[in-house]
Amino acid sequence: MSVIIAVAVFIISYIFIMSEKINRALVALAGGVLLLLTGVYGWEDAVTSYIDWHTVALLFAMMVLVAITKKTGVFSYIAIWLAKVVKGKPVPLLVGIGFLTALGSALLDNVTTVLLFVPVILTLTNLLQLPALPYLITIILTANIGGTATLIGDPPNIMIGQAVPHLTFISFIQHTAPIAALLFILVMILLSFLFRKQLKQIDDTRIQELMKMKESSYLVKSPLLYQSLSVLTLTITGFMLHPVFHIDLTIIALCGAILLLIISEKEVEAETVFQQVEWVTLFFFIGLFMLVGGLEEVGIIDELARSIMWLTEGDMTYTALLLLWISGIFSGIVDNIPFVAAMIPVIKEFETYGMANLDPLWWSLALGACLGGNGTLIGASANVVVAGLADAQNKPIAFVKFMLYGIPVVIFSLIIATIYIYFRYLLPFQQPL
């Protein structure tokens with residue numbers, strides 16, 4: 001009976017999350033509470049075994065750091081400065097925005113980055129009388145590609161990094177950043193070609209208006225600017241030095257967040273900062289971990305692992321590539337966060353079937369989930385955020401129209417990722433394990 005309840009609650013919750021009819025955090029939490037009420041597992045198991053508090057705390061800390069830094073206007077300053085550097089030329093602006101989004105997504109996280117840059121980009125496109133759609137689509141695609149590059153760039157990477165302690169911040173830079181950089185270059189060439197007819201030369205008067213804008217007026221030159229940038233830099237440096245000092249990433253992020261809250265309290269009250277934290281996202285994660293915990297409790301995760309092992313006969317090459325494409329396809333259909341939450345215990349289970357080195361599988365899951373998120377508007381959290389911001393400004397992104405760009409990019413990305421994974425990780429694993 002527990003199996004039926006756990007599966008039914010998971011599937012029904014998933015359907016409601018996909019439909020977006022009800023707030024997804026409420027759906028996930030309701031599903032988790034239902035599992036508690038029906039006795040699938042107890043409260044103690046949920047809190048101590050299934051909810052990954054490391055991931056939740058790391059996301060919370062990064063949200064606090066960015067919420068304070070945002071008040072300095074530094075992100076608006078950078079975007080306007082870029083537009084002036086390229087003199088408002090549509091295609092160079094597209095490439096520049098893509099680069100800023102990818103870089104921001106790698107160093108902060110893609111959800112935060114799009115929240116910062118989309119309003120500025122919509123303002124610039126209105127000023128220059130450019131179509132907003134090419135820039136919005138570029139922001140979504142490059143946010144997910146850039147987020148692939150680091151451990152903190154995309155929520156799936158955070159979840160994988162917390163689940164596998166030896167996959168450090170540096171590990172992600174070494175393994176996922178090279179292919180993310182290559183894909184960024186290739187995708188920007190593709191987008192510049194696809195949007196070339198929409199991005200025609202604009203009127204000189206519009207360019208003159210842009211050049212008259214003073215980006216420095218957006219920058220709040222106060223102690224907060226130097227404090228927030230210094231602490232943010234120290235935090236990212238701490239992530240990179242994790243292999244040296246062996247301090248947990250969550251502890252580093254929380255230390256950075258608390259330090260910035262303390263030293264900036266005179267300019268920004270802690271209550272104001274906490275109000276800007278994306279609590280809906282954090283509670284969505286908590287509910288999600290509870291839903292997946294139900295499947296783990298009743299043995300569904302074990303059965304899924306056995307099915308994949310049976311299908312691939314334990315061959316590392318087949319298993320890794322199958323995982324890459326399944327992750328890519330499913331992450332386009334549903335949000336990549338719940339998919340990764342469900343797959344992490346599945347991959348861990350492979351170890352009990354004789355697979356000694358699971359790293360190729362972790363990289364396959366990370367690349368598939370992050371890159372596959374570009375498939376549809378509900379494929380990743382960043383996509384949903386951009387669509388919401390655009391709709392609020394009467395610049396809606398049609399679901400089907402986005403797919404016309406997103407799906408080809410995903411297929412192309414997965415082909416490149418397949419080649420990368422095969423030659424970098426799988427050549428030594430040609431014999432069944």
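Note that the structure is a prediction, hence the values are computed from the model and not measured. All residue numbers in this chain count up from 1 along the given sequence. As a basis for the values below, the full set of heavy atoms in this structure was taken, side chains included, without hydrogen atoms, waters or symmetry mates.
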Worksheet item: Which is it for L93 and L128 under the side chain to side chain contact (heavy atoms under 4.5 Å, CB included) test, yes or no, and what are the steps along the way?
Response: CA-CA 11 Å; L93 181 60; L128 299 171; 4.1 Å; yes
Worksheet entry | Centroid-centroid under 6.0 Å between F117 and Y135 rings | no
Discussion item. Does I121 form a side chain to side chain contact (heavy atoms under 4.5 Å, CB included) with I97? I'd like the steps, not just the answer.
Written reply: CA-CA 8 Å; I121 297 313; I97 290 303; 2.9 Å; yes
Item to complete: Please check if atom NZ in K89 has more than 12 non-hydrogen atoms from other residues, nucleotides or ligands closer than 6.0 Å.
Response: no
Fill in: Within 6.0 Å of CH2 in W81, more than 12 heavy atoms from elsewhere
no
Find out whether [X] and [Y] are in side-chain contact, i.e. whether some heavy atom of one side chain is under 4.5 Å from a heavy atom of the other.
X: I286; Y: W53; answer: yes
X: L190; Y: L186; answer: no
X: F402; Y: L141; answer: yes
X: V64; Y: L260; answer: no
X: F239; Y: L151; answer: no
X: Q276; Y: K71; answer: yes
X: L224; Y: I68; answer: yes
X: L414; Y: V410; answer: yes

Worksheet item: What is the ring orientation for F60 with W279, classed by angle as parallel under 30°, tilted 30 to 60°, or perpendicular over 60°?
Response: tilted
Worksheet item: Using 30° and 60° as the class limits, which term best fits the ring planes of Y420 and Y425: parallel, tilted or perpendicular?
Response: perpendicular
Worksheet, complete the sentence: Note: L94 and L199 closest approach over all heavy atoms is CD2-CD1, 3.9 Å
Worksheet entry | Considering all heavy atoms, the nearest S327-A369 contact | CB-N, 3.7 Å
Practice prompt. To the nearest 0.5 angstrom, please state how far the CD1 atom of I145 sits from the CG atom of N110.
Written response: 11.5 Å
Worksheet item: CG/N383 to CD1/I137 distance, rounded to the nearest 0.5 angstrom?
Response: 11.0 Å
Fill in: Modelled atom types, side-chain donor and acceptor of T72 and T69, under 3.5 Å
no
